[in-house]
Amino acid sequence: MTPLTRIAVQNEDFSLADEYERLQNQAECGAIVSFSGRVRDLATTPLLHMTLEHYPGMTEKALADIVQQARTRWPLGMITVIHRVGKLAVNEQIVLVLVSSAHRQAAFNACEFIMDFLKSRAPFWKKETTTEGTHWVEAKASDEAAVKRW
Amino acid sequence: MTPLTRIAVQNEDFSLADEYERLQNQAECGAIVSFSGRVRDLATTPLLHMTLEHYPGMTEKALADIVQQARTRWPLGMITVIHRVGKLAVNEQIVLVLVSSAHRQAAFNACEFIMDFLKSRAPFWKKETTTEGTHWVEAKASDEAAVKRW
Amino acid sequence: MINVIFFASLREALGTAAIQWPAGAVDIHTLTGQLCAQGEPWASALARHDLLCARNQQLCDRTESVQDGDEIAFFPPVTGG
Amino acid sequence: MINVIFFASLREALGTAAIQWPAGAVDIHTLTGQLCAQGEPWASALARHDLLCARNQQLCDRTESVQDGDEIAFFPPVTGG
């Protein structure tokens, strides 16, 4: 049997198509919502690459805990959370959250909930390398505010 | 140049992977949210297949109008809306909405907004064929309520 | 003439997908009355209070005016997605 | 002993990723005070009021108690996703 929750923290890239394929099995879950995030270059100084540090061991637990919280709030089918770590170039994929449910709003809410809590509660840290040096990305107040909504 | 909005009403299946690939170009849009819906078999009598009727001409305009309304509300990048018509078997894909944005919440909101309005405003009608005959699917009050939220 | 078209369960109830109807009704409300005046199955099928209508492929109210050459559509609540 | 670990900008400011520290502090607040008492760079680096902490890989408050054998982590606000 396919496990209901799949959590991965990895250096390698992931394939939305493969992960989506995995969720297709559940006939009773007609709604699938996905979020994927990629490295953006929005800074005034050109971004060369990004390095993602994490807290091995705690990261997986934190993500599993967030998924579990989502399951207590909404009726959900399969959930996949993949987050990459290490060195990532501009435009590379960073994170993928896939949620299936029998209900459209549940799938949307759960996917957004997981992303909001991942952003503010899962131990990942981004360091940017631009043409002018390296710096740690600052946490945004809007991300903390997003968690407070739930 | 890749057009910002792609709307398709078609008999053929679609590929989330191909459509996602198309949205990867925009470096400034780091967030991509997708919704996909499939034929479910939730009835007490087994569903054999579903037939989707639509209003050719108006359907495309209604979808384009919904996308345009979303663009006036949130800063969005590329948007893809694909809806199938004709005969569909259980578990087949029906609808896909893909939205990219520089902002996670904008992408989530716009994708959900488009789905809510598509469900209550775009001229599609589902007819189910079960082992006991055919019947038109009734509109749900919850779908009309979903539109009222925005 | 007005091109009047019907979809889904309404099309099946009427047994027709489209009719040409003489121009003259000032709005969709009046047009609906003219169609119902044909008797059954029109009167019953068009009496459903949740029917939607569109003028020239744009959703509208029954108060929407009607002009010669218009395409007026009647259909039940939509169920796509 | 307590295994105390640091991440990201805090790890860089301290110049160390992990230290073994004698058990004895009743809670994380007390442990933080003991670490700061070592002087710089500890006092400044651990003074950031937005630092988060975790006990045995679970986010917690500074009031969380500490026991021999625990893994206590300090880190700046997270920025994944």
Side-chain angles (χ1 to χ4, degrees), chain A residues 9 35-40 50-66 68-69 81-86 88 93-97 111-128 134-147, chain D residues 1-21 25 27-29 31-32 35 40-81:
Chain A
V9 178
F35 174 88
S36 44
R38 290 177 301 129
V39 178
R40 289 181 286 165
M50 187 170 267
T51 311
L52 263 144
E53 178 172 332
H54 77 123
Y55 181 172
M58 176 172 166
T59 317
E60 293 80 356
K61 284 180 199 166
L63 295 176
D65 184 53
I66 291 166
Q68 199 44 49
Q69 286 179 53
V81 179
I82 304 177
H83 203 296
R84 294 177 68 193
V85 292
L88 297 175
Q93 300 186 117
I94 303 175
V95 59
L96 176 69
V97 176
C111 192
E112 196 166 5
F113 174 95
I114 291 170
M115 273 307 301
D116 282 351
F117 279 79
L118 182 156
K119 281 245 169 200
S120 288
R121 298 290 184 268
F124 294 101
W125 299 273
K126 288 191 186 110
K127 191 179 199 173
E128 290 183 345
T134 68
H135 65 274
W136 291 96
V137 171
E138 291 288 321
K140 284 185 289 185
S142 60
D143 284 331
E144 186 56 32
V147 157
Chain D
M1 299 295 276
I2 298 163
N3 188 28
V4 190
I5 57 181
F6 312 100
F7 290 96
S9 57
L10 179 61
R11 172 178 50 73
E12 289 186 345
L14 295 175
T16 182
I19 57 167
Q20 292 290 312
W21 193 258
D27 58 20
I28 294 181
H29 184 73
L31 173 66
T32 310
L35 293 169
E40 295 303 339
W42 298 89
S44 299
L46 289 173
R48 272 186 65 173
H49 70 282
D50 63 352
L51 283 186
L52 301 174
C53 56
R55 180 189 178 206
N56 297 329
Q57 308 191 342
Q58 193 104 34
L59 279 177
C60 64
D61 292 330
R62 300 293 173 103
T63 57
E64 181 81 9
S65 65
V66 175
Q67 296 199 339
D68 194 18
D70 275 355
E71 173 174 297
I72 306 294
F74 292 93
F75 43 80
V78 301
T79 56

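Just so it is clear, the model here is predicted, and its values are computed rather than measured. In what follows, chains carry the letters A, B, and so on, assigned in the order in which the sequence lines appear, proteins first and then strands, with residues in each chain numbered from 1.
- His135(A) does not touch chain D: none of its heavy atoms, backbone or side chain, sits under 4.5 Å away.
- The minimum heavy-atom distance between Trp136(A) and Glu12(D), with the atom names listed, is NE1-OE1, 2.8 Å.
- Interface residue Ala122(A): only backbone heavy atoms are found under 4.5 Å from chain D.
- Heavy atoms closer than 4.5 Å to chain D are found in the side chain of Lys127(A), but not in its backbone.
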Report task. Apply side-chain contact (heavy atoms from CB on, under 4.5 Å) to the pair Glu53(A) and Arg11(D), showing each step before the final yes or no. Result -> CA-CA 11 Å; Glu53(A) 178 172 332; Arg11(D) 172 178 50 73; 2.3 Å; yes
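- Counting all heavy atoms, side chain and backbone alike, Gln58(D) lies closest to Met58(A) at N-SD, 4.3 Å.
- Within the 4.5 angstrom heavy-atom criterion, atoms from both the backbone and the side chain of Lys119(A) approach chain D.
- Taking all atoms of both residues into account, the shortest heavy-atom contact from Thr79(D) to Trp125(A) is OG1-CA, 3.3 Å.
- Using a 4.5 Å cut-off between heavy atoms, Ala8(D) touches chain A through backbone and side chain atoms alike.
- Put simply, of Arg84(A), Met115(A), Arg121(A), Glu144(A), the one with the most heavy-atom pairs under 4.5 Å next to chain D is Arg121(A).
- Nearest heavy-atom pair across Pro123(A) and Val78(D) is CA-CG1, 3.6 Å.
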